[in-house]
Each structure stands twice: as C-alpha cells, then as structure tokens.
Number of protein chains: 4
Amino acid sequence: MVQQKQQTPGRPRSEASHQAILQATIDVLKQQGYRATTIEAIAAEAGVGKKTIYRWWSSKAEVALEALTAHSNTHVPFLDTGSLQSDLLSYFERSFESLRGESGMLLRGIVAEALLDPAFAATFQRVFIVPRRASLVELLQRAQARGELTAETNIEVLADMIFGAKWYRFLLYPAPLDTTFAQEIVALVSCHRA
Amino acid sequence: MVQQKQQTPGRPRSEASHQAILQATIDVLKQQGYRATTIEAIAAEAGVGKKTIYRWWSSKAEVALEALTAHSNTHVPFLDTGSLQSDLLSYFERSFESLRGESGMLLRGIVAEALLDPAFAATFQRVFIVPRRASLVELLQRAQARGELTAETNIEVLADMIFGAKWYRFLLYPAPLDTTFAQEIVALVSCHRA
Amino acid sequence: MVQQKQQTPGRPRSEASHQAILQATIDVLKQQGYRATTIEAIAAEAGVGKKTIYRWWSSKAEVALEALTAHSNTHVPFLDTGSLQSDLLSYFERSFESLRGESGMLLRGIVAEALLDPAFAATFQRVFIVPRRASLVELLQRAQARGELTAETNIEVLADMIFGAKWYRFLLYPAPLDTTFAQEIVALVSCHRA
Amino acid sequence: MVQQKQQTPGRPRSEASHQAILQATIDVLKQQGYRATTIEAIAAEAGVGKKTIYRWWSSKAEVALEALTAHSNTHVPFLDTGSLQSDLLSYFERSFESLRGESGMLLRGIVAEALLDPAFAATFQRVFIVPRRASLVELLQRAQARGELTAETNIEVLADMIFGAKWYRFLLYPAPLDTTFAQEIVALVSCHRA
DNA sequence: TCTTAATCGAGACGGTACGTCTGGTCTTAGA
DNA sequence: TCTAAGACCAGACGTACCGTCTCGATTAAGA
C-alpha cells in the first residue's frame with residue numbers, strides 16, 4: 001500500500017489555521033450577524049492573516065458555506081422509516097429545529113449571497129440545494145414504489161412544492177416553522193395517495 | 001369639502017428629483033446588477049445630491065423596492081376568470097414572465113437585502129409579500145366557495161406550497177419558470193378537487 | 001434739507017434679524033470655537049433662514065468681522081496722555097486685556113480667514129489693520145513732535161516692530177501678553193529717545 | 001554597537017508613497033491654493049489611497065507642515081558672519097525671498113490652521129516657531145557678547161520685535177518684504193549699540 | 001384697498017469633501 | 001512555500017455644510 005501523501009513542495013497547509021478560521025467564522029457570525037461579519041474580523045478572531053483566508057476561499061460566502069456544512073447538525077438526514085408520512089414528519093422535525101437556530105441565520109446569509117452573486121449561486125446549488133432536493137425526490141419515489149402515491153403523481157414538482165413551502169416560510173413569509181406546519185404539509189400531500 | 005392641501009413650511013419635495021431617482025435606480029440596476037449598484041451611482045445618474053436620496057430613503061434596498069413597485073407591470077393581478085385552473089394559469093403566466101425579465105434581477109436583490117436586514121425584511125413583507133399572499137388565499141377561497149376545492153383543504157398551507165414552488169425555483173433551484181411548470185403545479189393542486 | 005431716507009420699494013430689512021444674527025454669531029463662536037461655527041448653526045441659533053444671512057454677508061468671516069467690530073470693547077482707543085511711555089502702556093494694557101478674552105479667539109479666526117482668502121484679507125486690512133496702524137503711527141508722530149523720539153527715527157518701521165511684537169506673541173509664539181511684556185517693549189522703544 | 005533596525009512585523013511603510021504624498025501636496029497646493037487643497041486631491045495626485053494619508057498624518061495641516069519642512073530651501077540658516085548687521089541682513093535676504101515664493105503661500109495656510117486648531121498650533125510652534133526664534137536669540141546673544149548690543153538690552157523682547165515686524169508684514173499688513181525693509185529694521189536695532 | 005416688490009423663516013436642492021470602512025493585493029521576516 | 005502582520009490602492013459609505021432655490025407669509029410704499 002503506497003503512502004498517498006500528496007507531496008507538494010513548500011510548507012504544507014496548516015490544518016490548525018483551517019479549523020481556527022471555520023470556528024472563528026461561526027463565532028463572529030453568532031456575535032455580529034451575517035452582514036456585519038467581515039473577512040477582517042474573521043482573520044482577527046482566528047489569529048490569522050487575511051491572505052491565508054483568501055488563499056483558500058474566494059469570499060466570505062465560501063467560508064460561511066464551509067462553516068455551515070462542517071457544522072455537524074446541519075445535514076438533516078432523510079431517514080427511511082417505512083411510511084411517507086413519518087418520513088416527511090421526521091425530516092421536517094429535524095430540519096425546522098435546525099433552521100430556528102443559528103444555522104438559520106447563517107443559511108439566510110448564504111442564500112442572500114447566492115442571490116447577489118451568480119458564481120456563488122452555482123456553488124451553493126451544487127453542494128447544498130441539489131443534493132437535498134435529490135434526497136427528497138428519492139424519498140417520494142420510495143413512497144410511490146410502496147404505493148403511497150399514485151403513479152401519475154409528478155414527483156419532481158411535488159418536491160418543489162414541499163420544499164417550496166418550507167423555504168417560503170423560512171425566507172419570505174413571517175410564519176413559524178413548527179410541528180403544526182409540518183403536519184399540515186403532510187396532510188396536503190396525502191391527497192395524492194393511491 | 002375642504003381643500004386638504006397639507007402645507008408644511010419650507011421648499012416642498014421635488015417630484016422631478018423623486019422620479020429621476022427611481023428611473024436612475026432602474027437604469028443603474030440594469031447596467032450594473034444589484035450588488036454593484038451604489039447610492040453614489042444612482043445619485044450621479046439622476047443628477048441629484050446623495051443627501052436627497054438619504055432624505056427620503058434609508059438604504060439602497062428601500063429605493064430599489066420603491067423603484068420595483070413603481071414599475072407598472074410589477075404587480076401581477078389575480079384575475080377572477082371563473083375557474084381555479086385558469087385563475088392560477090393566468091396568474092403564473094404573467095408572474096413568470098415578469099420574473100424572467102429585469103424585475104426578476106431586481107427582486108432577487110431585494111430579497112437578498114431582506115434576508116440580511118431584519119428591519120428591511122419587515123418593510124418588504126408588509127408591502128410586497130403579505131398582500132400578494134392575501135390575494136392568492138382569496139383566489140383559493142373563491143375556488144373553495146365554488147366547490148372546486150374540498151371544504152377540508154387547508155387553504156393557507158396550500159397557498160404556501162403554491163407560492164413556495166414558484167419562489168423555490170426563482171430563488172434557489174435552477175429550473176425554468178415556464179408554462180409547463182405552471183401547468184404541473186395546477187395539476188397537483190387539482191387533487192384537492194371536491 | 002432733503003429727507004435722505006433711501007427708500008426702496010419692498011419690505012425693508014429687519015433690524016431685529018440683523019441683531020439676532022450678530023448675537024447668535026457671538027454665542028455660537030463662544031460655545032463652538034471659530035472653526036466649528038457654521039452659517040447653519042448661526043441661522044438656527046438666531047431663528048433665521050440661511051438666505052437672510054447670505055443676503056447681507058458673503059461668508060462666515062464677514063459676519064464674524066461685523067460681530068467683532070460691533071462688540072463695544074473691541075476698538076481700543078489710542079489716548080493722548082502726554083507722554084510716549086504712558087500712551088503706549090495705556091494702549092497695551094487695554095489691547096492685551098481684550099485679546100486675552102473671547103475677542104482674541106474671534107480675532108484669531110478672522111485672521112485665519114484673511115490668510116486663506118485674499119478677498120476677505122483686503123476687507124480685513126481696510127477696516128481693521130490699517131486704521132489701527134494709522135493710529136499708532138499718529139501716536140508716534142506726536143511723540144516725535146514732542147521731542148521724545150529722535151528726528152531720524154523711522155516711525156513707520158518702528159510701528160511695524162511694536163505691533164509686530166504684539167501680534168507675534170498673539171498669533172505665533174506661546175508667551176503671555178501681560179504688563180511685563182508691555183513695559184519691556186516700551187523700554188526697548190525708549191532707546192530712540194532724543 | 002547593536003544594530004538598532006526597529007523591526008515590526010508586517011509590511012513596512014512605503015517610502016515611495018511617503019515621498020509621492022509630499023510631492024503631490026506641493027503640486028496641488030501650487031495649483032489650487034491652500035484652502036482649495038483637499039486630502040482627496042492629494043491622494044488622487046499621489047496615486048495613493050486616502051487611508052494611507054490618514055494613517056500617517058491626522059490632517060491636511062500636518063501633511064502641509066511636513067511638505068514645507070521637507071522642502072530644502074525652507075529652513076533659512078542663521079549664519080555667523082561676524083557682525084550683527086550683516087547677520088541680520090543676510091538672514092532677512094534669504095527669509096524674505098522664501099516668503100515671496102510659494103513657500104509663503106504654504107506657510108500662510110499653515111499659520112491659518114494653527115490659529116484654528118490649538119492641537120496643531122502646538123505642533124507648529126514646536127517644530128517651526130520655537131526653533132527659529134531660538135536661533136535668532138542666539139544670533140543676538142553673539143552680538144551682545146561681541147559688544148554690539150548693550151548689556152542691558154532685553155534680547156528676548158528684541159527678538160519678538162524683529163520677528164514681529166517680519167510676520168506682521170507677512171501676515172497682516174500689505175507692505176513688501178524687501179531689502180529696504182530689512183535695512184530699516186537693522187537701522188532701528190542699531191540704537192541698542194553699546 | 002389693492003398692487004408691487006423685497007423681505008422673512010423654513011427647508012429641500014445639487015454638490016463637495018470629510019473621515020471611516022472593507023475589499024482584495026502586496027511585502028516584509030520568520031517557520 | 002506558507003504563515004502572521006499589516007501597509008497598500010481603491011472606492012463606497014453616510015454625514016456635514018456649502019451656497020442656491022422655492023415655497024407661503026409678511027411688510028412696507030405707491031396706486
């Protein structure tokens with residue numbers, strides 16, 4: 001077994017700095033909010049030169065995105081519990097809880113950046129939006145395979161409506177993301193039962 | 001009937017400057033995009049002092065919001081065509097067309113600001129989000145009254161899902177907002193038919 | 001004898017506003033210092049429109065100059081006491097006292113303006129510098145006529161040196177303007193005695 | 001002997017920018033005059049960020065003062081020529097010539113600032129006024145030691161009168177600073193001969 | 001009494017410069 | 001070559017005043 005230690009010349013990247021930057025990003029975001037957070041503040045908080053950040057990320061949004069995804073509780077798993085209703089309720093329960101916390105604030109900032117910067121939008125969609133939507137589509141396909149949804153049900157668009165409802169409330173409409181809402185969505189989806 | 005001509009002392013606000021600022025905002029946004037647009041550029045384009053902008057608006061976002069809502073074709077009417085399907089299709093047709101144009105770019109910028117600034121978010125929801133959602137709910141209630149939707153259908157949450165699907169694609173998921181999508185949404189909504 | 005009441009049509013100048021402006025100028029100068037004093041602040045303090053100030057004066061310096069000269073104790077008289085020594089001592093005593101007070105601060109500001117603005121410098125010299133110098137020259141000529149100064153003494157340049165010493169300390173060199181200084185100048189001037 | 005190379009971390013100050021700023025200051029002052037000169041114009045002329053100026057100087061006056069003193073021909077030397085008369089004449093000759101040029105305009109602006117800003121006045125007196133006065137006092141003391149001035153002559157106040165005459169004409173009284181004036185002052189000083 | 005004309009307080013206007021802030025790059029010495 | 005530090009150029013930020021303008025209201029003298 002060959003040692004695969006990708007050996008470039010020069011001093012290797014400092015993993016300590018890498019982690020310090022991510023942690024500092026979280027800390028500063030918590031204290032200042034997304035907009036007020038600056039690369040300078042992150043560098044100062046991490047005890048790191050600004051150049052060290054710019055060497056590895058191209059913008060505040062990129063750092064924030066990595067900080068968000070590195071956060072353990074961020075990726076809400078889509079569990080296979082055996083029924084469409086419990087699959088969705090289980091997912092919403094975890095997702096809503098995460099969005100109500102500081103991950104929510106961070107995510108709102110990241111979405112804002114994606115809306116303002118097409119290049120970052122592409123990254124964000126690739127690493128965040130598309131995989132999660134794929135998982136939801138998969139969940140719905142399992143349900144369809146089990147006969148819980150009619151064969152004619154347009155899974156793709158149903159996924160847009162389910163995620164849409166969540167994001168609409170999260171980003172735009174000032175209404176709570178709670179268990180009641182989750183149950184109401186599931187109830188509406190149930191009309192597509194075979 | 002008494003003449004209600006609200007008379008404050010001092011030179012009155014210049015309507016010419018007011019309009020010049022809104023038009024300049026549209027022009028600069030078109031040329032530079034939302035993020036690169038600055039108050040300075042708007043002032044220069046409008047031939048107006050920066051103070052005149054700050055006197056009447058508190059941020060770029062506020063100006064952009066007024067410029068957007070002053071744009072005639074912005075407010076997409078919810079027509080009463082007599083059937084749920086055609087009401088929705090008619091609405092989507094006009095809405096999608098507007099979002100595909102420069103209003104879409106402007107609106108993405110405004111949403112980004114709302115995500116970054118809670119104070120502006122409140123304004124945006126009040127003047128933009130809430131009225132439009134109310135119109136959709138009204139449309140659905142008409143349909144329910146006509147017997148096109150079952151009495152048990154949760155209109156509020158259905159509205160969140162319908163608008164959610166639109167906004168999800170507009171803001172987050174890179175898929176087209178076209179007639180096909182409109183028809184697919186309408187088809188899914190139809191499962192709630194009485 | 002014709003009534004010379006220069007009668008122009010239209011509303012005549014308000015003497016109340018005139019005085020209010022001069023008094024407000026003094027008040028604001030005292031509180032804020034010369035540099036921080038603005039036409040806007042004077043107008044606000046006087047309860048007067050800015051236009052009313054600009055109608056009658058062309059700059060802050062002009063207003064300040066009138067406020068200074070309107071101040072009663074400003075113009076220090078050159079008394080004829082019968083001897084050169086007591087003439088000079090008497091003058092210095094009054095002059096130094098005035099300069100040590102708020103007139104000094106005001107005068108420093110006015111001199112600064114004169115240094116920065118040639119047009120105002122001309123006005124300042126005409127109404128302030130030249131008349132005072134003429135009075136000193138006259139004082140010295142009386143002394144020469146009385147035989148207290150030799151006939152060859154260059155009165156003009158001696159005046160420059162006497163006033164120069166005063167202004168040098170007042171404007172540039174941080175040393176006190178007091179009785180001792182006055183006596184020392186007089187002592188040096190005495191070497192020109194016949 | 002220890003190498004005293006004061007080593008701070010980080011990028012060192014750019015001497016090129018430092019010099020460019022001083023030169024640009026001179027250039028802009030020449031073209032625009034003191035009052036119309038702005039930090040923005042200096043920064044633009046020097047091809048430098050405004051922050052770089054504010055990092056090292058606290059105001060336009062500070063930059064102008066350094067630009068003036070960096071100007072080689074500014075500091076007029078007090079030569080020891082062996083006689084009071086020629087010492088003074090030699091000094092005045094050089095001093096007057098300098099004041100008639102653009103150094104004079106610059107100096108007038110700096111004095112104006114000193115009159116308006118007590119903090120800057122202290123700096124200006126320390127680096128400019130006091131050393132020059134000390135040199136003049138020294139010159140007069142040499143003359144006194146040589147017996148050219150009586151022992152009772154108050155050197156300090158005589159210095160105030162000599163410099164006073166020069167500054168009075170330079171700042172306040174519109175009369176030329178020329179060789180005649182220099183000779184006239186020297187003639188008056190001569191009355192203190194032993 | 002009505003007209004004319006210049007004044008008044010108020011405050012919005014187009015501008016300019018301020019001093020601060022942030023972004024992203026560069027330049028040191030040292031690891 | 002990477003690191004921390006921090007100076008660099010660039011330029012937008014929001015503020016403060018400038019001196020001008022535009023209101024309605026006021027105040028005289030002459031019609």
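All figures in this text were calculated on a predicted structure; none of them were measured in a lab. Heavy atoms only: backbone and side chains are in, while hydrogens, waters and symmetry mates are out. The sequence lines fix the lettering, A, B, ..., with proteins before strands; numbering per chain opens at 1.
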Check this one for me: any side-chain N or O of C/R13 less than 4.0 Å away from OP1 or OP2 of E/dA6? no

Return the value, rounded to whole Å, for the distance between atom CZ of D/R55 and atom P of F/dA5. 16 Å

To the nearest Å, how far apart are A/W57 CH2 and E/dG23 C1'? 17 Å

Given that B/A43 and C/G47 both sit by DNA chain E, which one's nearest nucleotide is further toward the 5' end? C/G47

Short side-chain to backbone donor-acceptor contact, B/T25 and B/I21, under 3.5 Å: yes

State, with a plain yes or no, whether a side-chain heavy atom of B/R108 is found less than 4.5 Å away from one of B/Y34. no

Can you find a heavy atom in the side chain of B/L115 that is under 4.5 Å from one in the side chain of A/L115? yes

For the helix from E/dT1-F/dA31 to E/dA31-F/dT1, how many degrees between its two end axes (five pairs per end), to the nearest 10°? 10°

Rounded to whole angstrom units, what separation is found between the CD1 atom of D/I42 and the P atom of F/dC9? 14 Å

State whether the side chain of A/E45 and the backbone N or O of A/D27 hold a donor-acceptor pair below 3.5 Å, judged by distance alone. no

Within-4.5 Å side-chain heavy-atom neighbours: B/I26 and B/L22: no

Can you list, by residue number, the residues of residues 14-33 of chain D that have a non-hydrogen atom closer than 4.0 angstrom to DNA chain F? D/S14, D/S17

Is there any protein nitrogen or oxygen under 3.5 Å from a nitrogen or oxygen in nucleotides 16-20 of chain F, and what are the pairs?
residue: F/dC18; atom: OP1; partner: C/I39; partner atom: N; Å: 3.4
residue: F/dC18; atom: OP2; partner: C/I39; partner atom: N; Å: 3.3
residue: F/dC18; atom: OP2; partner: C/E40; partner atom: N; Å: 3.3
residue: F/dG19; atom: OP2; partner: C/Y54; partner atom: OH; Å: 2.5
residue: F/dG19; atom: N7; partner: C/K50; partner atom: NZ; Å: 3.1
residue: F/dG19; atom: O6; partner: C/K50; partner atom: NZ; Å: 2.8

Begin from the C-alpha positions of A/E66 and A/H18 and carry the test side-chain hydrogen bond (donor to acceptor under 3.5 Å, both in side chains) through to its verdict. CA-CA 11 Å; A/E66 181 166 341; A/H18 184 179; 2.8 Å; yes

Tell me which of A/V48 and D/T52 sits closer to the 5' end of DNA chain F, going by the nucleotide each one is nearest to. A/V48

salt_bridge(D/R35, C/E113) N-O dist < 4.0 Å: yes

Round to the nearest Å and state the distance from D/I53 atom CD1 to F/dA7 atom P. 16 Å

Any luck finding a side-chain donor-acceptor pair between C/E15 and C/Q19 under 3.5 Å? yes

Between E/dC8 and C/W56, is there an OP1 or OP2 to side-chain N/O distance shorter than 4.0 Å? yes

Side-chain touch D/L65/D/W57, heavy atoms, less than 4.5 angstrom: no

Please round to the nearest 0.5 Å and tell me the distance separating atom CD1 of C/I53 and atom CD1 of C/I39. 5.0 Å

Taking the cut-offs as 6.0 angstrom to the six-membered ring centre and 45 degrees off its axis, would you call A/K60 and A/F120 a cation-pi pair? no

CD of A/E45 versus P of F/dA4: gap in Å, rounded? 14 Å

